[in-house]
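Quick notes on the structure that follows.
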Amino acid sequence: MGVKKMGLVFAFLGFLFFDGLLLRTAAEDHHYSFILRESLVNFTRLCGQTKSMFTVEIEGLPVWPGPTIHVRKGDTAYINVHNNGDYGVTIHWHGVKQPRNPWYDGPEYVTQMPIEPQTNLTYEVIFSDEEGTLWWHAHSGWSRATIHGAIVIKPPEGAPYPYDTQPDGEHVLVLGEWYNGDVMENIEEALRTGGDPKMSDGYAINGLLGPSDACPDDPSYPLLVEHGKTYLLRIVNAVMNEEMFFGIADHTITVVGQDGAYITPITVDYIMITPGQTMDVLLTANQAPSYYYIVATPFMDHSLPAPFDKNNTSAILMYTGATPPTTIPSPSLPDSSNRDAASNFTSQIKSLNPVDVPTDDIKRILIAVSVNRLPCTDPDCKDSRQSASLNNISFLTPTTDILHSYYCGLPFDKDFPAMPPVPFDYTGDEAANYELPSVGTKALIIDYGTNVEIVFQGTNVGNAENHPMHLHGYSFFLVGTGDGNWDRDDITNYNTTYAPAVNTIGVPKNGWAAIRFKADNPGVWFMHCHLERHSSWGMSGVIIVQNGDSPDERILLPPPNFPACPPK
């Protein structure tokens, strides 16, 4: 369901040359109002499971997923978030770089304090070079399970999409996760007792679960198409804790974009998409007019057996005028533990055009990514509790947001290590000796203009698995991935010509992923695993890019509604 656009003004006029034509473009301001509320109308799924949910309310009705924000490249959106819920919440604009504007990035206690109940905050969301599909979500506890939606960023007015076939229509497909219980109570209980949070009870496409082993009678989301036409599907993985395989029965799809940037088109039978990622795919309705299942199933590659939601979710591709068949065909997707299938897909992703990857004067940072254990701190916890870490530091949420402390010159810990404190065989058997992390709130300070490489090194500490790592404030270039421990010799195999520009990448189980970017967006930027249980356990950190010398290399002045710095 859409949301009413509240206003529209021209911000500036520019000119864009495209294919020899002079196209006039105008950056626009868009205004939205989000009302967050514990739903007065209950949601019913899974054969009668009924509950209220903390969601965005549109015209008096709760919506899950939330409304889609529509902009064009270079626009600015103002979203007034009214929190009529029972606890504080913030909103993050996932993949939007927010140039020089960390004040409105959204992670709770990192760049802002929560929006308290019965108050509101208007976010200024500045779009720059993003084009394609991104998304927004709550960034407080596990509230993003029910408060999230897509962001559609179209090319400038008059400019076509950069692929051979222009779509005849577009559809947004948001993959979500359904919990029979309250998601905030779920994680709060897990943190108190030290165990795993309860797994979800089903997955959803646009809020509907479809038939599954858990409930064969749940309805599927209907996706209507006309024979012979091509559609742009904008896919968002808003699932909390699982990567997902996705495919359509008897149809191939052509992936043309990822994380708000274009890629070299690849035609595939399925995709693998991690929590936090978005993908743009072209679907041509070229099969016999009928009904076909669109299916998403989990990908889980734990080293040790661990419970996870094994259900699938489905929508139905419906050709107009078609009669439903006796049996609707389903796609053949890889098994949930098929790591080769996942890597075979991700290895094909390349940028559409050659890119300017930093190659000289590189500041290299190696971050070991681990699932750990810590001593219990609550009477309801016995012996030890689940934890997670970056470079053996489990993130401790502060009581004052880090951006405020940094901007105001207040004391905070700037000693996040650029290398693991103790080097070891990260993917070997001895990794079990490094299960106990330290706990702290530490930031890594980077000078403006530095060419940065971060190697995320998966470890065999605890239960090794794929980790989708997300960095706020940047699209970065994924230059390489591999198995085992990263080695300097791996640099010779980097892709620095057609590296995809992304904001979330999967670090392979017991492997590594290397990213590069120029630190040209000053601010305080959160970095974390987008498996929500891992982020809750402390698999997070903060990167601070300092101001440059010129005025356009400095953080924007704080908005008037943000707390003033204390007198010195």
Side-chain angles (χ1 to χ4, degrees), residues 1-2 65 67-70 94-95 130-135 148-155 160-176 203-208 210 220-239 243-287 290-297 312-320 328-331 333 345-346 348-349 352 502:
M1 181 180 296
T68 297
I69 293 173
H70 293 269
H94 187 113
E130 305 92 354
E131 194 171 316
T133 306
L134 295 173
W135 66 302
H148 58 252
I151 302 174
V152 171
I153 311 165
K154 290 194 172 182
Y161 294 114
Y163 15 93
D164 293 337
T165 302
Q166 297 297 298
D168 299 296
E170 300 186 8
H171 298 279
V172 171
L173 297 177
V174 179
L175 309 183
Y203 303 103
I205 297 177
N206 284 357
L208 296 177
S220 296
Y221 176 79
L223 183 61
L224 299 177
V225 297
E226 292 185 36
H227 187 268
K229 291 190 174 182
T230 296
Y231 297 85
L232 176 59
L233 306 184
R234 300 177 179 273
I235 303 169
V236 176
N237 188 355
V239 169
E243 292 93 356
M244 304 293 287
F245 291 116
F246 172 98
I248 303 174
D250 297 342
H251 291 72
T252 58
I253 51 180
T254 300
V255 188
V256 294
Q258 181 176 334
D259 285 4
Y262 298 112
I263 68 167
T264 298
I266 56 171
T267 299
V268 294
D269 294 322
Y270 68 90
I271 64 173
M272 195 286 282
I273 182 169
T274 74
Q277 285 183 336
T278 60
M279 290 188 186
D280 294 341
V281 307
L282 293 176
L283 164 71
T284 298
N286 56 8
Q287 298 301 302
S290 186
Y291 286 23
Y292 301 87
Y293 272 128
I294 305 168
V295 176
T297 62
N312 60 34
T313 181
S314 60
I316 301 179
L317 187 72
M318 297 180 177
Y319 282 70
T320 56
I328 301 174
S330 292
L333 295 179
F345 169 74
T346 57
Q348 298 180 65
I349 305 295
L352 178 61
V502 293

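Throughout, residue positions are numbered sequentially from 1 according to the sequence presented.
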Worksheet item: Side chain of Asn312, backbone of Ala296: donor and acceptor closer than 3.5 Å?
Response: no
Fill in: Closest contact, heavy atoms only, Leu134 versus Gly260
CD2-N, 3.7 Å
Fill in: Minimum heavy-atom distance between Val295 and Pro331, given as atom pair plus value
CG2-CD, 3.5 Å
Worksheet item: Would you say Glu226 and Tyr231 make side-chain contact, with heavy atoms under 4.5 Å?
Response: yes
Discussion item. Regarding Ser314 and Ser220, do their side chains bring together a donor and an acceptor under 3.5 Å, going by distance alone?
Written reply: yes
Discussion item. If the test is side chain to side chain contact (heavy atoms under 4.5 Å, CB included), which one of Ile271, Asp269, Thr297 qualifies with Leu333?
Written reply: Thr297
Item to complete: State the OG-CD1 distance between Ser290 and Ile328, to the nearest 0.5 angstrom.
Response: 7.5 Å
Worksheet item: When rounded to the nearest 0.5 angstrom, what distance separates CH2 in Trp135 from CG in Asp259?
Response: 11.0 Å
Worksheet item: Given side chains that start at C-beta, do those of Tyr292 and Pro329 come closer than 4.5 Å, heavy atoms only?
Response: yes
Practice prompt. Answer yes or no: is there a side-chain heavy-atom contact under 4.5 Å between Ile69 and Val152?
Written response: no
Worksheet entry | Gap between atom CG of Asp164 and atom OG1 of Thr254 - 0.5 Å precision | 10.5 Å
Worksheet entry | Nearest atoms (heavy-atom pairs only) where Glu243 meets Asn237 | CA-ND2, 4.3 Å
Practice prompt. Flag the pair Ile294 / Phe246 as yes when at least one side-chain heavy-atom distance between them is below 4.5 Å, and no otherwise.
Written response: yes
Worksheet item: Tell me, do Tyr163 and Leu232 make a side-chain contact under 4.5 Å, heavy atoms counted?
Response: yes
Item to complete: Side-chain contact test, heavy atoms from C-beta onward, threshold under 4.5 Å: evaluate it for Asn286 versus His251 and give yes or no.
Response: yes
Discussion item. Under the side chain to side chain donor-acceptor pair (under 3.5 Å) test against Thr133, which residue among Thr278, Asp280, Thr68 passes?
Written reply: Asp280
Worksheet item: Heavy atoms, side chains only, cut-off 4.5 Å: are Ile316 and Pro222 in contact?
Response: no
Response to the item:
Rounding to 0.5 Å, atoms CG (Asn206) and CG (Leu175) come to a distance of 8.5 Å
Worksheet item: Rounded to the nearest 0.5 Å, what separation is found between the CD atom of Gln287 and the NE2 atom of His227?
Response: 7.5 Å
Practice prompt. List the atom of Met272, the atom of Gln277, and the distance in Å for their closest heavy-atom pair.
Written response: O-OE1, 4.2 Å
Worksheet entry | Shortest non-hydrogen separation from Gly257 to Ile263 and the atoms involved | N-CG1, 3.8 Å
Worksheet entry | Sole residue of Phe345, Tyr270, Tyr203 in ring pair (Phe, Tyr, Trp, His ring centres under 6.0 Å) with Phe245 | Tyr270
Fill in: Nearest-0.5 Å distance, CD1 of residue Ile151 to NE2 of residue His70
11.0 Å
Worksheet item: Do the non-hydrogen side-chain atoms of Leu223 and Leu233 ever get within less than 4.5 Å of each other?
Response: yes
Discussion item. Tell me the closest heavy-atom pair linking Tyr161 and Gln166, and the distance in Å.
Written reply: O-NE2, 2.8 Å
